[in-house]
Amino acid sequence: MSVLLLGGSPSASSSGGRLLHYIGDRLVAQGHRCARLQVRDLPAQALLHGDTQDAAIAAALALVREARAIVIATPVYKASYTGILKAFLDLLPQDGLDGKLVLPLATGGSQSHMLVLDYALRQVLASLSPRAILPGIYATSAQLPWSVEGGLAPDAPIAARLARGVAQLSADLYTLSRLSQPDTTKETCT
Ligand SMILES: Cc1cc2nc3c(=O)[nH]c(=O)nc-3n(C[C@H](O)[C@H](O)[C@H](O)COP(=O)(O)O)c2cc1C
(Lines give C-alpha, C1' and ligand atoms only; values in the text may rest on other atoms or scores of the structure.)
Protein backbone atom coordinates (compact mmCIF):
# COMPACT_ATOMS: atom_id res chain seq x y z
CA MET A 1 0.00 0.00 0.00
CA SER A 2 2.22 2.82 -1.17
CA VAL A 3 1.88 6.57 -0.90
CA LEU A 4 3.83 8.93 -3.13
CA LEU A 5 4.88 12.21 -1.51
CA LEU A 6 5.19 14.56 -4.48
CA GLY A 7 6.81 17.97 -4.04
CA GLY A 8 6.36 20.77 -6.56
CA SER A 9 8.63 23.48 -5.14
CA PRO A 10 11.78 24.59 -6.95
CA SER A 11 13.29 25.41 -3.55
CA ALA A 12 15.63 22.93 -1.84
CA SER A 13 14.66 24.13 1.66
CA SER A 14 10.96 23.99 0.97
CA SER A 15 8.26 24.33 3.62
CA GLY A 16 6.09 22.11 1.43
CA GLY A 17 8.88 19.52 1.41
CA ARG A 18 8.94 19.63 5.21
CA LEU A 19 5.18 19.19 5.28
CA LEU A 20 5.54 16.11 3.10
CA HIS A 21 8.12 14.66 5.52
CA TYR A 22 5.82 15.42 8.45
CA ILE A 23 2.90 13.65 6.79
CA GLY A 24 5.08 10.81 5.51
CA ASP A 25 6.38 10.07 9.03
CA ARG A 26 2.83 9.83 10.33
CA LEU A 27 1.67 7.60 7.47
CA VAL A 28 4.64 5.26 8.01
CA ALA A 29 3.74 5.10 11.72
CA GLN A 30 0.28 3.92 10.62
CA GLY A 31 1.73 1.10 8.54
CA HIS A 32 1.91 2.67 5.07
CA ARG A 33 4.87 2.60 2.71
CA CYS A 34 5.96 5.98 1.33
CA ALA A 35 8.04 6.97 -1.68
CA ARG A 36 9.27 10.52 -2.27
CA LEU A 37 9.60 12.54 -5.43
CA GLN A 38 10.62 16.19 -5.80
CA VAL A 39 9.94 17.50 -9.30
CA ARG A 40 12.94 19.84 -9.02
CA ASP A 41 15.25 16.79 -8.87
CA LEU A 42 14.19 15.65 -12.36
CA PRO A 43 16.36 16.55 -15.35
CA ALA A 44 15.14 19.99 -16.44
CA GLN A 45 15.60 19.54 -20.17
CA ALA A 46 13.79 16.20 -20.27
CA LEU A 47 11.00 17.68 -18.14
CA LEU A 48 10.55 20.73 -20.37
CA HIS A 49 10.81 18.67 -23.56
CA GLY A 50 8.23 16.20 -22.26
CA ASP A 51 10.73 13.39 -22.78
CA THR A 52 9.02 10.41 -21.17
CA GLN A 53 11.78 8.11 -22.53
CA ASP A 54 14.32 9.77 -20.23
CA ALA A 55 15.25 7.25 -17.51
CA ALA A 56 14.64 9.61 -14.56
CA ILE A 57 11.34 10.85 -15.97
CA ALA A 58 10.22 7.29 -16.71
CA ALA A 59 11.11 6.26 -13.13
CA ALA A 60 9.15 9.22 -11.75
CA LEU A 61 6.11 8.32 -13.84
CA ALA A 62 6.38 4.73 -12.61
CA LEU A 63 6.28 5.99 -9.01
CA VAL A 64 2.99 7.76 -9.78
CA ARG A 65 1.63 4.67 -11.56
CA GLU A 66 2.47 2.37 -8.65
CA ALA A 67 1.12 4.60 -5.88
CA ARG A 68 -2.27 4.02 -4.30
CA ALA A 69 -2.30 7.58 -3.00
CA ILE A 70 -0.46 10.79 -3.75
CA VAL A 71 0.17 13.58 -1.29
CA ILE A 72 1.01 16.54 -3.48
CA ALA A 73 2.48 19.78 -2.17
CA THR A 74 2.94 23.03 -4.03
CA PRO A 75 3.90 26.53 -2.99
CA VAL A 76 1.69 29.32 -4.28
CA TYR A 77 3.47 31.05 -7.13
CA LYS A 78 1.71 34.01 -8.75
CA ALA A 79 -1.64 32.98 -7.27
CA SER A 80 -1.42 29.41 -8.58
CA TYR A 81 0.57 26.17 -8.28
CA THR A 82 4.12 26.08 -9.62
CA GLY A 83 5.09 25.77 -13.25
CA ILE A 84 7.41 22.83 -12.59
CA LEU A 85 4.57 20.90 -10.97
CA LYS A 86 2.37 21.54 -14.03
CA ALA A 87 5.21 20.48 -16.33
CA PHE A 88 5.33 17.16 -14.48
CA LEU A 89 1.55 16.65 -14.32
CA ASP A 90 1.43 17.31 -18.07
CA LEU A 91 3.53 14.18 -18.59
CA LEU A 92 0.91 11.92 -17.02
CA PRO A 93 -1.53 10.12 -19.29
CA GLN A 94 -5.10 11.47 -19.43
CA ASP A 95 -6.26 9.10 -16.67
CA GLY A 96 -2.92 9.19 -14.85
CA LEU A 97 -4.48 9.29 -11.38
CA ASP A 98 -7.08 6.63 -12.08
CA GLY A 99 -8.14 4.84 -8.89
CA LYS A 100 -5.83 6.88 -6.67
CA LEU A 101 -6.50 8.97 -3.60
CA VAL A 102 -5.03 12.46 -3.61
CA LEU A 103 -4.31 14.75 -0.67
CA PRO A 104 -3.37 18.23 -1.94
CA LEU A 105 -1.34 20.70 0.14
CA ALA A 106 -0.32 24.28 -0.59
CA THR A 107 1.97 26.72 1.20
CA GLY A 108 1.82 30.45 0.65
CA GLY A 109 3.39 33.66 1.83
CA SER A 110 0.05 34.97 3.12
CA GLN A 111 -3.65 34.05 3.35
CA SER A 112 -4.36 35.98 0.11
CA HIS A 113 -4.41 32.84 -2.00
CA MET A 114 -5.73 30.33 0.50
CA LEU A 115 -8.29 29.08 -2.07
CA VAL A 116 -5.59 28.18 -4.58
CA LEU A 117 -6.17 24.46 -4.14
CA ASP A 118 -9.87 24.86 -4.91
CA TYR A 119 -9.71 27.26 -7.85
CA ALA A 120 -6.50 25.99 -9.48
CA LEU A 121 -4.95 22.64 -8.53
CA ARG A 122 -8.13 20.67 -7.81
CA GLN A 123 -9.39 21.10 -11.41
CA VAL A 124 -6.13 19.81 -12.85
CA LEU A 125 -6.10 16.82 -10.50
CA ALA A 126 -9.77 16.07 -11.23
CA SER A 127 -9.01 15.95 -14.97
CA LEU A 128 -6.67 13.02 -14.30
CA SER A 129 -9.54 10.82 -12.97
CA PRO A 130 -8.51 10.16 -9.36
CA ARG A 131 -10.69 7.97 -7.15
CA ALA A 132 -11.04 10.87 -4.67
CA ILE A 133 -9.46 14.20 -3.88
CA LEU A 134 -9.42 14.72 -0.11
CA PRO A 135 -10.00 18.16 1.41
CA GLY A 136 -6.90 20.24 0.75
CA ILE A 137 -4.73 21.85 3.40
CA TYR A 138 -3.35 25.36 3.02
CA ALA A 139 -0.74 26.86 5.34
CA THR A 140 1.29 30.05 5.32
CA SER A 141 5.02 30.03 6.01
CA ALA A 142 4.30 31.67 9.39
CA GLN A 143 2.12 28.71 10.37
CA LEU A 144 4.95 26.29 9.66
CA PRO A 145 7.85 27.19 11.97
CA TRP A 146 10.86 24.92 11.58
CA SER A 147 14.15 24.49 13.42
CA VAL A 148 17.09 22.12 13.02
CA GLU A 149 16.59 20.86 16.58
CA GLY A 150 12.79 20.56 16.63
CA GLY A 151 11.96 20.00 12.97
CA LEU A 152 8.59 21.19 11.68
CA ALA A 153 6.20 22.41 14.38
CA PRO A 154 2.97 23.52 12.64
CA ASP A 155 0.73 25.85 14.66
CA ALA A 156 -2.25 24.26 16.38
CA PRO A 157 -4.93 24.79 13.67
CA ILE A 158 -2.65 23.46 10.92
CA ALA A 159 -1.51 20.54 13.09
CA ALA A 160 -5.18 19.63 13.62
CA ARG A 161 -5.91 19.84 9.88
CA LEU A 162 -2.86 17.72 9.10
CA ALA A 163 -3.90 15.11 11.68
CA ARG A 164 -7.38 14.95 10.11
CA GLY A 165 -5.91 14.68 6.61
CA VAL A 166 -3.55 11.86 7.61
CA ALA A 167 -6.31 10.00 9.48
CA GLN A 168 -8.70 10.23 6.52
CA LEU A 169 -6.07 9.20 4.00
CA SER A 170 -4.96 6.27 6.14
CA ALA A 171 -8.54 5.06 6.70
CA ASP A 172 -9.38 5.40 2.99
CA LEU A 173 -6.23 3.49 2.04
CA TYR A 174 -7.15 0.60 4.34
CA THR A 175 -10.70 0.59 2.96
CA LEU A 176 -9.33 0.57 -0.59
CA SER A 177 -6.99 -2.27 0.25
CA ARG A 178 -9.87 -4.35 1.69
CA LEU A 179 -11.95 -3.66 -1.43
CA SER A 180 -9.17 -4.95 -3.68
CA GLN A 181 -8.93 -8.28 -1.74
CA PRO A 182 -11.45 -11.01 -2.60
CA ASP A 183 -13.78 -11.57 0.38
CA THR A 184 -13.26 -15.27 1.11
CA THR A 185 -15.54 -15.19 4.15
CA LYS A 186 -18.68 -14.84 2.01
CA GLU A 187 -20.35 -17.65 0.14
CA THR A 188 -20.17 -17.41 -3.61
CA CYS A 189 -23.34 -17.02 -5.70
CA THR A 190 -24.76 -20.15 -7.23
C1 LIG B 1 8.02 33.30 -7.63
C2 LIG B 1 7.21 33.34 -6.36
C3 LIG B 1 5.88 33.69 -6.42
C4 LIG B 1 5.09 33.71 -5.26
N5 LIG B 1 3.79 34.06 -5.34
C6 LIG B 1 3.00 34.02 -4.23
C7 LIG B 1 1.62 34.34 -4.32
O8 LIG B 1 1.08 34.67 -5.36
N9 LIG B 1 0.88 34.26 -3.18
C10 LIG B 1 1.42 33.90 -1.97
O11 LIG B 1 0.70 33.81 -0.96
N12 LIG B 1 2.75 33.59 -1.86
C13 LIG B 1 3.55 33.66 -2.97
N14 LIG B 1 4.87 33.34 -2.87
C15 LIG B 1 5.42 32.91 -1.57
C16 LIG B 1 5.48 31.37 -1.47
O17 LIG B 1 4.27 30.75 -1.84
C18 LIG B 1 5.79 30.96 -0.03
O19 LIG B 1 7.03 31.49 0.33
C20 LIG B 1 5.78 29.45 0.14
O21 LIG B 1 5.75 29.14 1.51
C22 LIG B 1 6.99 28.79 -0.46
O23 LIG B 1 6.84 27.39 -0.31
P24 LIG B 1 8.12 26.43 -0.42
O25 LIG B 1 9.03 26.79 0.73
O26 LIG B 1 7.56 25.04 -0.31
O27 LIG B 1 8.79 26.69 -1.74
C28 LIG B 1 5.68 33.35 -4.01
C29 LIG B 1 7.04 33.01 -3.97
C30 LIG B 1 7.79 32.99 -5.12
C31 LIG B 1 9.25 32.61 -5.04
Side-chain angles (χ1 to χ4, degrees), residues 2-29 32-44 47 56 60-61 63-64 67 69-92 96-97 100-126 128 130 133-148 150-170:
S2 79
V3 180
L4 178 62
L5 306 170
L6 174 62
S9 173
S11 161
S13 58
S14 155
S15 55
R18 290 173 189 147
L19 259 186
L20 288 175
H21 272 280
Y22 181 96
I23 287 181
D25 287 349
R26 279 148 186 81
L27 287 170
V28 167
H32 304 286
R33 267 187 306 116
C34 289
R36 298 173 196 279
L37 174 62
Q38 290 291 343
V39 175
R40 69 167 174 276
D41 293 336
L42 295 174
L47 184 65
L61 294 174
L63 284 177
V64 173
I70 303 193
V71 183
I72 180 166
T74 180
V76 184
Y77 273 17
K78 305 286 191 281
S80 189
Y81 49 84
T82 60
I84 64 164
L85 178 60
K86 185 63 159 62
F88 181 68
L89 294 176
D90 286 347
L91 300 183
L92 298 177
L97 296 180
K100 301 180 198 305
L101 303 167
V102 183
L103 173 59
L105 314 170
T107 55
S110 73
Q111 296 287 1
S112 307
H113 298 117
M114 66 181 301
L115 295 179
V116 66
L117 290 172
D118 295 319
Y119 68 68
L121 187 58
R122 187 170 285 269
Q123 278 73 6
V124 177
L125 298 174
L128 294 162
I133 304 174
L134 276 56
I137 301 170
Y138 181 88
T140 63
S141 318
Q143 291 174 304
L144 299 171
W146 180 87
S147 67
V148 180
L152 183 67
D155 73 9
I158 297 299
R161 258 170 252 162
L162 290 168
R164 271 200 304 277
V166 168
Q168 186 176 352
L169 182 59
S170 180

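Just the heavy atoms: all of them, side chains too, but no hydrogens, waters or symmetry mates, feed the values below.
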Taking the side chain as every heavy atom from C-beta outward, state whether [X] and [Y] have any pair of such atoms under 4.5 Å apart.
{"X": "Ile72", "Y": "Leu89", "value": "yes"}
{"X": "Val116", "Y": "Leu121", "value": "no"}
{"X": "Leu97", "Y": "Val64", "value": "yes"}
{"X": "Gln143", "Y": "Thr140", "value": "yes"}

Exercise: identify the closest heavy-atom pair between [X] and [Y]:
{"X": "Leu42", "Y": "Ala56", "result": "CD2-O, 3.8 Å"}
{"X": "Ile137", "Y": "Gly165", "result": "CD1-CA, 4.4 Å"}
{"X": "Tyr77", "Y": "Pro10", "result": "OH-CD, 3.4 Å"}
{"X": "Leu103", "Y": "Pro135", "result": "CD1-O, 3.5 Å"}
{"X": "Ser80", "Y": "Ala120", "result": "OG-CB, 3.8 Å"}
{"X": "Gly24", "Y": "Leu5", "result": "CA-CD1, 3.7 Å"}

Separation of [Y] [atom2] from [X] [atom1] (nearest 0.5 Å):
{"X": "Leu162", "Y": "Arg26", "atom1": "CG", "atom2": "CZ", "result": "8.0 Å"}
{"X": "Gln123", "Y": "Leu117", "atom1": "CD", "atom2": "CG", "result": "10.5 Å"}
{"X": "Leu169", "Y": "Leu27", "atom1": "CG", "atom2": "CG", "result": "5.5 Å"}
{"X": "Cys34", "Y": "His21", "atom1": "SG", "atom2": "NE2", "result": "10.5 Å"}

- Item | Stepwise side-chain contact (heavy atoms from CB on, under 4.5 Å) check, Phe88 with Leu37 | CA-CA 11 Å; Phe88 181 68; Leu37 174 62; 3.8 Å; yes

Keeping [X] on the side-chain end and [Y] on the backbone end, is there a donor-acceptor pair under 3.5 Å?
{"X": "Thr82", "Y": "Gly8", "value": "yes"}
{"X": "Arg40", "Y": "Ser9", "value": "yes"}
{"X": "Lys100", "Y": "Ile70", "value": "no"}
{"X": "Gln168", "Y": "Ala163", "value": "no"}

- Message: Run Arg122 and Ile133 through side-chain contact (heavy atoms from CB on, under 4.5 Å) and show every step you take.
- Response: CA-CA 8 Å; Arg122 187 170 285 269; Ile133 304 174; 3.4 Å; yes

- Query: Cationic tip of Arg18 within the cone over Tyr22's six-membered ring, i.e. under 6.0 Å and within 45° of the normal?
  - Reply: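 No.
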
- Query: Testing Thr107, Leu105, Asp118, Val76 for side-chain contact (heavy atoms from CB on, under 4.5 Å) with Tyr138, which one passes?
  - Reply: Val76

- Item | Asp41: partners by side-chain contact (heavy atoms from CB on, under 4.5 Å), with sequence neighbours left out | Gln38

